[in-house]
Every structure is written in structure tokens, then in C-alpha cells.
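To start, the structure under review is shown below, and the notes come after it.
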Amino acid sequence: MKYTDKTGFSLYVPAGWERSKEGSIVYFRGDGKILGIDQTDEPKSNPVKDWTNQAENRVRGGDFPQYDEVHIKAVDYFRKAADWEFTFVRDGVRRHVNNRGTVVADDKAYGIYWQTPDSEWNESRDDLQLVFDSFVPAKS
């Protein structure tokens, strides 16, 4: 289903997922998966460097137990973007994450966080691609 946020961005969200908000992040949860959208008016100039710094700090801080990085790499998406893909273990389940940071304007960037059980990662790739393909940022 299409979701349009009051801030102006829109994207596809799997039907039946529940919406919540924590700080600046809008979350959708369902089927054991999580989609989170964060936004900032102060984009970092280098998404790869930003994710690399965040990975170091968040892993050191214990946010992702048994962290295993797949990659942090630039991707072709809007102006500039990078994917931070990794796995970690929470509640005895290995989880697989792709966190895409994208700069869409001089004054706007988004983080698109997608988490599934690692065992469902491959079958969930089409939904993640639909999220990326359907995402429309707020107008500046």
C-alpha cells in the first residue's frame, strides 16, 4: 500500500504493517520485519563515510550484537547514496539489515532501514526493491 507521510515523502509499505514513530524515525512492522524511514535537513556530504563512521560507533556501543558486515558501498540512487548491509543477532535470531542513506537535495537526506530474519532475506528482496523504487522524497 502507498504511505504518504505528513512531512511529504511517500513509499510502498507492505499491507497490514503497523506504523509507529520513535523520535524522527517512522517505523512499519509486520511479518517479523521492520522498515524505518529517518530524515534530516542536514545531509552529510559522503554517505559511505557517514555509514562507516556510524557503523564503528554503533557496533562499539553494542547496538548490533554479533555484528557481521556484508558491505558499505555507494549505490546509484537520487543524488548520492550508500548501502550499509550487515547481520546481527537479537533474541537468538540472526537478523539481516540494509540501511540506505540517500541525499536527495542540498537540505534533505533520508535513511531507509530494512530488517528481516536472515533466513528470509532472499525472499524479502523484492519487497525491499519495491520500497526503493516507490520512494518519493518530500519536495524541498
Side-chain angles (χ1 to χ4, degrees):
M1 74 177 192
K2 181 179 179 181
Y3 168 79
T4 301
D5 192 74
K6 66 181 180 179
T7 62
F9 75 82
S10 64
L11 75 163
Y12 162 82
V13 175
W17 285 27
E18 293 188 20
R19 180 190 171 281
S20 63
K21 186 155 185 183
E22 297 171 30
S24 63
I25 305 174
V26 177
Y27 284 103
F28 300 90
R29 291 178 171 90
D31 303 323
K33 301 173 182 90
I34 300 171
L35 168 63
I37 310 297
D38 195 7
Q39 56 188 313
T40 181
D41 296 333
E42 298 177 0
K44 304 283 193 237
S45 63
N46 184 334
V48 171
K49 184 177 178 184
D50 184 36
W51 277 148
T52 301
N53 291 337
Q54 287 198 48
E56 291 171 7
N57 292 333
R58 298 208 47 202
V59 170
R60 190 178 324 110
D63 288 349
F64 303 115
Q66 298 179 44
Y67 174 84
D68 187 23
E69 186 173 298
V70 176
H71 59 244
I72 296 176
K73 67 178 185 179
V75 293
D76 185 20
Y77 193 68
F78 291 96
R79 280 192 181 178
K80 290 187 238 178
D83 281 353
W84 172 21
E85 186 177 339
F86 60 95
T87 63
F88 72 103
V89 175
R90 179 158 293 133
D91 300 326
V93 176
R94 178 151 296 280
R95 317 231 178 222
H96 201 130
V97 171
N98 192 87
N99 206 350
R100 176 166 288 181
T102 185
V103 177
V104 300
D106 290 345
D107 63 348
K108 184 64 75 180
Y110 292 88
I112 302 173
Y113 179 92
W114 179 261
Q115 176 186 299
T116 72
D118 191 43
S119 62
E120 298 175 26
W121 178 253
N122 288 333
E123 68 192 51
S124 298
R125 296 285 300 162
D126 287 345
D127 280 336
L128 175 57
Q129 192 60 53
L130 187 52
V131 166
F132 290 152
D133 291 348
S134 68
F135 179 75
V136 177
K139 303 241 186 283
S140 291

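- Atom CZ of F86 sits about 3.5 Å away from atom CZ of F64, to the nearest 0.5 Å.
- Within the cation-pi definition used here (under 6.0 Å to the ring centroid, within 45° of the axis), R100 qualifies as a partner of F132.
- Distance alone, capped at 3.5 Å, is enough to place a donor-acceptor pair between the T40 side chain and the E42 backbone.
- Residues V13 and I34 do not share a hydrophobic cluster, defined by chaining ILVMFWY side chains whose heavy atoms lie under 4.5 Å apart.
- Residues Y3 and S10 have side chains not in contact (no heavy-atom distance under 4.5 Å, counting atoms from C-beta outward).
- The backbone N or O of V48 sits less than 3.5 Å from a side-chain atom of N46, completing a donor-acceptor pair.
- Other residues, nucleotides and ligands place no more than 12 heavy atoms under 6.0 Å from the CG atom of D126.
- Note: the hydrophobic cluster containing I72 does not contain I112 (ILVMFWY, side chain heavy atoms under 4.5 Å, direct or indirect links).
- For the 3.5 Å distance criterion, the side chains of N57 and R60 qualify, holding a donor opposite an acceptor.
- A distance of 13.0 Å separates CZ in R125 from CG in L130, rounded to the nearest 0.5 Å.
- Contact annotation: the side chain of L35 never approaches that of V26 to less than 4.5 Å [non-hydrogen atoms, C-beta and beyond].
- Surrounding NZ of K21 are more than 12 heavy atoms belonging to other residues, nucleotides or ligands, all under 6.0 Å away.
- Residue Y67 comes nearest to A55 through the heavy atom pair OH-CB, 3.9 Å, listed as atom of the first residue, atom of the second, then distance.
- Side-chain contact, S24 with D38: a donor N or O sits under 3.5 Å from an acceptor N or O.
- Look at R95 and D118 and you find no salt bridge, because none of the NZ, NE, NH1 or NH2 atoms lies under 4.0 Å from a carboxylate O.
- Ring orientation note: the planes of W121 and H96 are close to parallel, at an angle under 30° on the 30°/60° scale.
- We find the CZ-CH2 distance between F28 and W114 to be 11.5 Å, quoted to the nearest 0.5 Å.
- Residues V75 and F78 share a hydrophobic cluster, clusters being chains of Ile/Leu/Val/Met/Phe/Trp/Tyr side chains in contact below 4.5 Å.
- Applying the 6.0 Å contact sphere to CD of E123 captures more than 12 heavy atoms from other residues, nucleotides or ligands.
- The backbone N or O of N99 sits less than 3.5 Å from a side-chain atom of W51, completing a donor-acceptor pair.
- Listed for the D83 side chain is no donor-acceptor partner under 3.5 Å among the backbone atoms of E85.
- F9 and V103 fall into different hydrophobic clusters, where Ile, Leu, Val, Met, Phe, Trp and Tyr are joined by side-chain heavy atoms under 4.5 Å apart, directly or via other members.
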Run the numbers on D63 and R58 for salt bridge (Lys or Arg N to Asp or Glu O under 4.0 Å), then give the verdict. CA-CA 5 Å; D63 288 349; R58 298 208 47 202; 2.8 Å; yes

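- For the atom pair CE (M1) and OG (S134), the distance works out to 11.5 Å, reported to the nearest 0.5 Å.
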Residue pair E120, K33: steps toward the side-chain contact (heavy atoms from CB on, under 4.5 Å) verdict: CA-CA 9 Å; E120 298 175 26; K33 301 173 182 90; 3.2 Å; yes

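- Taking hydrophobic clusters as Ile, Leu, Val, Met, Phe, Trp and Tyr residues chained together by side-chain heavy-atom distances below 4.5 Å, V89 does not share a cluster with V70.
- One finds a salt bridge joining D106 and R79 here, because a Lys/Arg side-chain nitrogen approaches an Asp/Glu carboxylate oxygen to under 4.0 Å.
- Using a 4.5 Å heavy-atom cutoff, the side chains of V97 and F88 are in contact.
- To the nearest 0.5 Å, atoms CG (D5) and CD (Q39) are separated by 6.0 Å.
- Judged purely by distance below 3.5 Å, without hydrogens or angles, the side chains of S20 and R29 pair a donor atom with an acceptor atom.
- With contacts defined as side-chain heavy-atom distances shorter than 4.5 Å, the pair N98/L128 qualifies.
- Heavy atoms only, all atoms of each residue included: P117 and V93 are closest at CB-CG1, 4.4 Å.
- Atom OG1 in T87 sits 4.5 Å away from atom CG in D68 (nearest 0.5 Å).
- Checked against the 6.0 Å centroid criterion, the rings of F135 and Y12 do not qualify as a close aromatic pair.
- Counting heavy atoms from C-beta on, the side chains of R90 and P65 come closer than 4.5 Å.
- A donor-acceptor contact shorter than 3.5 Å links the side chain of K80 to the backbone of S45.
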Audit row: E22, Y27, side-chain contact (heavy atoms from CB on, under 4.5 Å) steps and yes/no: CA-CA 8 Å; E22 297 171 30; Y27 284 103; 3.7 Å; yes

